[in-house]
Amino acid sequence: MAGLSLKGIYKKYPGGFVAVTDVNLEIRDKEFIILVGPSGCGKSTTLRMIAGLEEISEGELYIGDRLVNDVAPKDRDIAMVFQSYALYPHMTVFDNMAFGLKLRKVPKDEIARKVEEAAKILDLSHLLDRKPKAMSGGQRQRVALGRAIVRSPKVFLLDEPLSNLDAKLRAQMRTEISKLHKKLGTTFIYVTHDQTEAMTMGDRIVVMKDGFIQQVDSPQRLYEAPCNKFVAGFLGSPQMNFIDSFLRKDEYGRYYVEFGSEDSKSARGTKFVILVPESKLSPDLEKYVNREVTLGIRPENVHDEPAYLATAQTGIIDCDVEITEMMGAETYLYLNCLGNSLTARVSPSSTAKPGDSIKVGIDPNRIHLFDKETERTIVN
């Protein structure tokens with residue numbers, strides 16, 4: 001098995017377009033790592049450079065201890081699973097899975113053993129005589145995985161393998177791929193634009209934007225301590241709320257975030273204040289006093305329960321309810337607070353309905369603050 005090392009990797013196209021810039025990444029042996037980001041962020045290009053399907057313009061790529069920049073794809077000991085399955089329509093499942101081994105002149109009895117083993121792992125044993133057109137999308141995707149498994153590669157590369165499946169099947173296949181990774185004990189590098197896939201499957205996530213790596217960390221750390229506003233907004237569903245605010249400091253030396261309208265005569269024009277708790281204080285805050293900052297708060301940390309509101313010391317704001325979405329186990333409230341859009345993720349027992357004016361509480365222990373200009377995190 002093998003880890004990978006990407007050192008200063010660039011991908012430059014004729015005409016000057018740079019798709020990937022200075023990627024430095026250490027992927028541990030047997031790790032399940034996810035490359036995630038919006039379309040055009042460079043994640044698939046990075047995967048294709050690892051596979052050898054795209055030439056590396058600059059930098060070094062190691063698989064294990066071996067420099068592979070100039071090694072042909074077939075000699076890199078990797079297997080790639082594509083979004084489109086890429087199965088041969090005229091071949092049976094058995095022949096699709098065996099094809100790569102036949103090209104390598106592997107003995108017939110060994111091919112049969114490997115295909116049957118992979119089919120058992122993927123619950124395909126009863127489908128080995130079928131052709132792809134007689135199978136569902138989920139079954140075809142498992143065949144594509146099986147074709148990779150039989151080769152026993154050092155590294156699996158998966159490029160948005162679930163994006164053609166419906167929501168229920170996607171959730172099921174996420175679980176199956178996670179189980180498969182544990183069973184095989186091989187390095188998996190998985191590309192997706194779906195942050196739910198990223199959060200639920202990866203040991204670590206690489207968040208990319210415009211060809212640059214933004215942050216590499218565990219799903220929990222990325223969620224709780226994003227390094228900038230982009231990462232904070234990209235991970236989490238519904239996404240984090242952002243409010244343009246000012247950081248202030250009172251005569252007692254306490255920091256607070258303030259936002260709202262200048263019109264102090266109007267009841268809805270008052271400014272709202274959230275005290276920054278001691279646990280979030282840092283020396284950096286001083287230089288932001290009386291400057292504009294971006295306040296971030298996740299929907300699950302915006303509360304409408306009477307018990308919370310009765311005991312909250314700070315962060316109570318007035319909102320108008322625009323839309324409610326009943327999700328079964330929870331309800332989403334889409335709110336307007338002095339022109340700011342907010343989403344709250346609340347209990348299904350919430351009585352709020354469109355047109356209501358309600359109070360909600362922003363949990364001060366869960367706020368994030370971002371630099372308005374650079375979008376770097378000031379407080380997590």
Side-chain angles (χ1 to χ4, degrees), residues 2-73 76-78 80 154-160 187-195 197-199 201-219 221-223 225-235 284 294 370-378 380:
L4 284 89
S5 183
L6 286 73
K7 299 184 176 181
I9 299 283
Y10 284 77
K11 179 61 190 178
K12 300 172 183 175
Y13 288 101
F17 175 64
V18 182
V20 173
T21 305
D22 197 21
V23 165
N24 290 283
L25 184 61
E26 296 294 326
I27 301 170
R28 297 185 285 268
D29 183 24
K30 300 181 184 175
E31 187 170 23
F32 196 136
I33 199 153
I34 305 240
L35 306 184
V36 70
S39 296
C41 72
K43 56 190 187 295
S44 286
T45 304
T46 303
L47 196 77
R48 290 172 67 81
M49 284 192 285
I50 293 170
L53 302 176
E54 291 274 3
E55 202 174 304
I56 295 169
S57 307
E58 203 176 305
E60 295 180 333
L61 170 65
Y62 290 86
I63 298 179
D65 299 325
R66 182 186 180 206
L67 180 66
V68 296
N69 285 46
D70 300 319
V71 174
R76 292 191 182 194
D77 205 2
I78 49 146
M80 191 155 178
K154 286 181 179 171
V155 182
F156 277 86
L157 307 178
L158 299 100
D159 190 6
E160 307 216 22
T187 309
F188 273 44
I189 306 172
Y190 187 108
V191 160
T192 181
H193 63 271
D194 183 329
Q195 52 93 19
E197 279 179 29
M199 293 292 285
M201 295 170 77
D203 298 326
R204 283 190 304 155
I205 299 173
V206 180
V207 183
M208 295 186 72
K209 179 192 178 195
D210 300 334
F212 289 86
I213 289 181
Q214 303 292 303
Q215 189 171 355
V216 184
D217 218 324
S218 68
R221 282 284 302 160
L222 285 174
Y223 193 75
C227 71
N228 60 30
K229 185 181 169 187
F230 172 78
V231 175
F234 191 78
L235 295 176
D284 280 351
T294 303
F370 305 96
D371 185 303
K372 187 82 169 84
E373 303 300 320
T374 66
E375 299 193 346
R376 302 296 297 174
T377 301
I378 307 164
N380 268 323

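Considering only residues two or more places apart in sequence or on other chains, T192 meets the side-chain hydrogen bond (donor to acceptor under 3.5 Å, both in side chains) condition with E197. Among residues two or more places apart in sequence or in another chain, the side-chain hydrogen bond (donor to acceptor under 3.5 Å, both in side chains) test is passed with K7 by none. Residues meeting the salt bridge (Lys or Arg N to Asp or Glu O under 4.0 Å) test with R204, sequence neighbours left out: E31. Residues meeting the side chain to side chain contact (heavy atoms under 4.5 Å, CB included) test with L67, sequence neighbours left out: E60, Y62, N69. Here K372 pairs with D244 under the salt bridge (Lys or Arg N to Asp or Glu O under 4.0 Å) rule; sequence neighbours left out. The salt bridge (Lys or Arg N to Asp or Glu O under 4.0 Å) search around R221 returns D217, not counting sequence neighbours. For F156, the ring-ring contact (aromatic ring centres under 6.0 Å, His included) partners at least two apart in sequence or on another chain are F188. Residues satisfying the salt bridge (Lys or Arg N to Asp or Glu O under 4.0 Å) criterion with K11, sequence neighbours excluded, are E54. Scored by the side-chain hydrogen bond (donor to acceptor under 3.5 Å, both in side chains) test, S5 finds E26 as partners (sequence neighbours excluded). Not counting sequence neighbours, Y223 has no partner by the ring-ring contact (aromatic ring centres under 6.0 Å, His included) test.
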Would you list the atom pairs, donor with acceptor, under 3.5 Å between side chains in residues 225-233 and any protein atom, with sequence neighbours excluded?
unit_1: N228; atom_1: OD1; unit_2: F230; atom_2: N; d: 3.2
unit_1: N228; atom_1: OD1; unit_2: V231; atom_2: N; d: 2.9
unit_1: N228; atom_1: ND2; unit_2: Q214; atom_2: OE1; d: 3.0

Mind listing the side-chain donor-acceptor pairs of residues 34-44 below 3.5 Å, one per line with the distance, residues two or more places apart or on another chain?
unit_1: K43; atom_1: NZ; unit_2: G37; atom_2: O; d: 3.0
unit_1: K43; atom_1: NZ; unit_2: P38; atom_2: O; d: 3.3
unit_1: S44; atom_1: OG; unit_2: D159; atom_2: OD1; d: 3.0

